[in-house]
Amino acid sequence: MEQKIIKILTDLRPEFDFTKNINFIEEGMLDSFDIVNLVSELDSTFGISIDGVDILPENFSSVDAIKKLLVKNGAKE
Amino acid sequence: MAFFEIKNVRIIGIASCMPKHVCYTKDSLVNDKYNADEFIRSTGIESRRLDESYTTSDLCVHAAEKLISDLKWDKSEINVLIFVTQGPDYLCPSTACIIQDRLKLSKECYASELPLGCSGWVYGLSYAASMLSRGTVKKGLLLVGDARLFQKTTDPLVGFAGTATAIEYSEGATGFQFHFGTDGSGYDAIIIPDGGTRNQVSQSSFELEDVDGKKMNRLESRMNGMDVFSFAISTAPKSIKKAMTYFNRNLSDFDYCILHQANIQIDEIIRKKLNLTADKVPYSLKEFGNTSSASIPVTISTQLKGKVENKHTEFICCGFGIGLSWGTVMFSTDNLFISDLVEV
């Protein structure tokens with residue numbers, strides 16, 4: 001799952017290294033515009049529908065946070 | 001529980017007016033981070049109509065004149081005028097009063113204005129329908145639109161449009177079924193901070209501030225994209241489902257689901273949450289951008305022209321956005337009249 005997440009992030013913003021252990025939001029790697037695209041791509045890749053109430057910056061701050069978000073919304077590890 | 005059913009009233013025609021001038025996304029650098037191709041892929045917006053020499057009321061008046069003429073309505077019989085916009089001609093008086101005169105409607109006319117954005121057509125419909133449902137007045141016009149760039153140099157989403165919806169009393173018509181909602185705690189999710197009475201225009205209103213990496217003054221609209229996105233994809237499907245549950249309807253009852261044209265990714269997430277097939281959810285975003293409160297009638301008039309005029313059609317429409325405010329309406333039309341697009 002981590003590799004799929006990193007690939008989606010890298011396709012979205014190839015100029016950044018999403019394997020680094022940094023906060024994607026605080027570092028300006030992802031903004032709200034990116035999150036809209038990211039959620040759409042995650043929904044389609046993992047066959048889920050992420051709940052709007054989970055669209056919070058902290059849920060997109062790292063690969064691990066995104067993984068937890070996906071599992072919470074029904075994605076299989 | 002903001003559910004309403006208003007009977008004995010129906011929509012008989014819709015017209016839209018836009019500036020002739022086309023602004024193509026591919027010709028503009030959206031911002032430092034996104035190129036035009038990325039922006040088109042993300043928003044679905046390839047072009048918009050923009051011309052700041054027109055106000056919202058100008059476009060709505062053109063649309064109304066066209067619709068009145070096409071329907072052969074007698075202006076003296078139009079006794080209800082509802083104008084919905086966030087871009088009035090003046091801070092005061094109400095632009096609805098000015099439009100009554102410009103259209104040469106009767107002075108025996110109820111004219112009122114609603115300062116709503118993306119939910120505005122649905123709210124305006126409820127006002128007009130309420131006025132007409134008793135049958136004491138027979139014909140009404142709902143004029144809805146926005147023609148204002150909320151960020152002078154960087155706004156890549158907004159398209160200008162003015163629309164007119166003709167509504168009339170019709171004994172026995174099934175009318176409209178509504179669900180409405182409001183969450184004012186999100187008032188600042190989309191906001192122009194200065195210019196109202198809370199923060200009147202001052203010298204500091206024109207000073208540039210850093211907002212999410214963009215320089216803008218306090219008379220320009222700023223948006224918390226994450227909050228708006230979260231709100232849109234959670235609230236719109238819920239409102240549609242609530243309306244159907246309350247009024248015992250199913251999505252299969254409807255020929256079309258018209259969503260506020262926010263952004264293709266947001267609207268597609270909503271469509272998929274509702275398990276709707278793409279043919280039931282038309283978009284006008286590609287050609288005309290986010291036309292704010294006008295986006296639902298613009299989508300009907302530009303995307304369904306030729307498909308609904310000579311038949312019975314069932315609609316479910318949902319507007320959602322600034323306020324935060326949202327509304328869903330279900331209605332049917334018989335031989336809906338759609339005027340040719342007015343371009344000025």
Side-chain angles (χ1 to χ4, degrees), chain A residues 4-5 7-18 20 22-76, chain B residues 30-45 154-157 181 183 186 189-190 210-214 222-241 262-276 285 290 320 324 326:
Chain A
K4 280 186 182 174
I5 295 169
K7 181 174 186 318
I8 290 169
L9 289 165
T10 306
D11 286 347
L12 190 64
R13 299 256 57 103
E15 66 271 39
F16 298 122
D17 180 359
F18 289 97
K20 283 185 181 171
I22 51 177
N23 187 309
F24 303 155
I25 305 295
E26 287 176 7
E27 294 298 317
M29 296 160 73
L30 297 174
D31 64 14
S32 60
F33 198 68
D34 298 317
I35 300 295
V36 174
N37 293 317
L38 178 58
V39 168
S40 179
E41 198 57 43
L42 291 170
D43 276 1
S44 132
T45 302
F46 292 96
I48 57 170
S49 178
I50 295 171
D51 197 320
V53 298
D54 290 328
I55 309 295
L56 300 166
E58 55 266 34
N59 289 338
F60 300 92
S61 59
S62 66
V63 172
D64 195 43
I66 295 170
K67 184 180 167 189
K68 282 180 184 159
L69 170 72
L70 294 176
V71 170
K72 184 188 171 198
N73 280 273
K76 300 277 187 291
Chain B
V30 176
N31 63 33
D32 294 342
K33 190 169 175 184
Y34 303 102
N35 63 40
D37 287 340
E38 285 178 315
F39 185 80
I40 291 170
R41 182 169 45 80
S42 298
T43 63
I45 299 170
T154 58
D155 190 336
L157 294 169
D183 181 5
I190 308 172
D210 187 75
V211 180
D212 286 338
K214 285 193 231 171
R222 51 194 70 190
M223 175 168 72
N224 182 325
M226 197 85 91
D227 286 356
V228 173
F229 176 44
S230 169
F231 155 75
I233 66 167
S234 56
T235 305
K238 281 180 191 161
S239 177
I240 289 172
K241 286 177 182 171
N263 159 320
I264 195 69
Q265 302 286 4
I266 289 174
D267 282 14
E268 278 291 283
I269 288 172
I270 295 169
R271 181 181 71 77
K272 288 171 186 169
K273 279 180 182 284
L274 293 167
N275 291 320
L276 283 164
L285 268 166
N290 179 336
F320 50 89
L324 301 167
W326 60 97

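Protein chains get the first letters and strands the later ones, always in sequence-line order, with residue 1 at the start of each.
- Your options are A:Val36, A:Asp51, A:Ile35, and the one with the most heavy-atom pairs under 4.5 Å with chain B is A:Val36.
- Ring centroid separation for the pair A:Phe16 and A:Phe24 does not come in under the 6.0 Å cut-off.
- Closest approach of A:Ile25 and A:Ser61 over heavy atoms only: CG1-CA, 4.0 Å.
- Other residues, nucleotides and ligands contribute more than 12 heavy atoms inside 6.0 Å of the CD atom of A:Glu58.
- When B:Lys272, B:Glu268, B:Gln265, B:Lys238 are compared by the number of non-hydrogen pairs under 4.5 Å with chain A, B:Gln265 comes out ahead.
- Both the backbone and the side chain of B:Ile266 have a heavy atom closer than 4.5 Å to some heavy atom of chain A.
- Looking at B:Asn263, only its side chain comes within 4.5 Å of chain A, counting heavy atoms on both sides.
- Here the shortest heavy-atom pairing between A:Phe46 and A:Ala75 reads CB-CB, 4.0 Å.
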